[in-house]
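Working notes, structure below.
Per chain, numbering begins at 1; letters A, B, ... match sequence-line order.
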There are 2 protein chains.
Amino acid sequence: MIAMAPARTEPDLSFLLDHTSHVLRTRMAVALAEIGLTARMHCVLVHALEEERTQIQLAELGDMDKTTMVVTVDALEEAGLAERRPSSADRRARIIAVTEKGAEVARRSQEIVDGVHRAVLEALPEGEGEVLLRAMSRLVEGYLATPAEAPQAARRARQRTK
Amino acid sequence: MIAMAPARTEPDLSFLLDHTSHVLRTRMAVALAEIGLTARMHCVLVHALEEERTQIQLAELGDMDKTTMVVTVDALEEAGLAERRPSSADRRARIIAVTEKGAEVARRSQEIVDGVHRAVLEALPEGEGEVLLRAMSRLVEGYLATPAEAPQAARRARQRTK
DNA sequence: TATTGTTATACTCTATAACTATA
DNA sequence: TATAGTTATAGAGTATAACAATA
């Protein structure tokens, strides 16, 4: 966990965000694991269903690296939920096609995701959930839209294997 | 980034929480890096200032592992901000004593943290920030208090080196 | 030359186990 | 026996580089 401890009196926004997002992520992981999915598999499945999309396009939508995408698509193929198909427009690219079983699983996983979210919002008093969503959406589209430059040391280049 | 992509129409609570907490964390890291601190160093410094505390106590307050604590205290000592002192009550334990320089840095880092948080809340319309804090606090103390059991495979035991 | 997808691997982060010294 | 702190290292997650095929 990367979280600042709660200040005794005043609520600490960093702690609140870190804690809630962490807990919600574990809850979501457990809920989706029951049908054999990770959050990333669910995300790719849903976006691949909407329209014909390549791995790179799906990676951008889910904010993943293309190499992470490879692993995720491997898992989906192995589970029989999606298939790589050559793109007719670009022979380098692969369209991720959702199988019938994949579409059914995606329907169920979306229900699971919606249910987990609904349960959280229903734990709040009348109207507070709506304000919470509105405030967070505002921040995501505005002041907190983009991350700051990471101040960490740059990763060194890989050793040439000749 | 571990985040689900935004649903087109309905706001996705998981995405909103992951995105805002991630962005805020990078902003905070950059802001604190200017005075040579990480969020964890700041957290330990502040709690160590409040009263005499051992490493284990500070680790619990910051929700860190005791081994992570070792690294953090090492960094604080190297920067001359804190010192390990033997506890008079328990010769196994070390009290983390904040130096004068450490106290001064902690004062400044608390200002930085408060400033970053204030800026976020001020980016919201009148009153919405208060509701946001109230709703999140409610969740942290109630429905989202504790993480679900991690469904990941347990980490295997370390190889005995004899 | 640039881009898609792949592989291999290096780096970071964190937690586990074993250890030393105390209790 | 159990606990505080330390060390070493395993494992997960992820990003980087290089590569092959194609644009």
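Here dA12(D) presents its P atom at 20 Å from CG of D65(A), a figure rounded to the nearest Å. For I96(B) and dA4(D), the CD1 to C1' distance is 11 Å, given to the nearest whole Å. In this structure, Q55(A) places its CD atom 13 Å from C1' of dT3(C), rounding to the nearest Å. E60(B) has its CD atom 12 Å from the C1' atom of dT3(D), to the nearest Å. Look at CD1 on I56(A): it is 14 Å from P on dA15(D), rounded to the nearest Å. Rounded to whole Å, atom C1' of dT4(C) lies 17 Å from atom CE of M64(A). To the nearest angstrom, P of dT14(C) lies 14 Å from CE of M69(B).
Contacts of residues 70-84 of chain A with DNA chain C (heavy atom under 4.0 Å): V70(A), R84(A).
I35(A) and V73(A) fall within the same hydrophobic cluster, defined by Ile, Leu, Val, Met, Phe, Trp and Tyr side-chain heavy atoms under 4.5 Å apart, directly or through other members. Residue F15(A) is grouped with residue L24(A) when hydrophobic side chains (ILVMFWY) are merged at heavy-atom distances under 4.5 angstrom, including chains of intermediate members. Linking Ile, Leu, Val, Met, Phe, Trp and Tyr residues whenever their side-chain heavy atoms come within less than 4.5 Å places V116(B) and M41(B) in a single cluster.
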Between the protein and nucleotides 20-23 of chain D, list the N/O to N/O atom pairs that are separated by less than 3.5 angstrom.
unit_1  : atom_1 : unit_2 : atom_2 : d
dA23(D) : OP1    : R91(A) : N      : 2.9

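Contact between the side-chain N/O atoms of Q57(B) and the OP1/OP2 oxygens of dA4(D) is not found at any separation under 4.0 Å.
The pair R40(B)-D63(B) does not meet the salt-bridge criterion, since no charged nitrogen lies less than 4.0 angstrom from a carboxylate oxygen. A salt bridge is absent between E111(A) and R108(A): the closest approach of a Lys/Arg side-chain nitrogen to an acidic carboxylate oxygen does not fall below 4.0 angstrom.
To the nearest 0.5 Å, atoms CG (L124(A)) and CZ (R134(B)) are separated by 10.5 Å. In this structure, the separation between CZ on R138(A) and CG on L144(A) is 13.0 Å, given to the nearest 0.5 Å.
Judged as a side-chain hydrogen bond (donor to acceptor under 3.5 Å, both in side chains), and not counting sequence neighbours, the contacts of S109(A) are H42(A).
In this structure, of dT14(C), dT7(C), dG5(D), it is dT7(C) that holds the atom nearest to the side chain of T67(A).
Contacts of T54(B) with the nucleic acid, taken as non-hydrogen atoms under 4.0 Å apart, involve only primed sugar atoms and P, OP1 or OP2.
Side-chain contact between R27(B) and T146(A) is present, with at least one heavy-atom pair separated by less than 4.5 Å.
Residue whose closest nucleotide on DNA chain C sits further toward the 5' end, between A93(A) and K66(B): A93(A).
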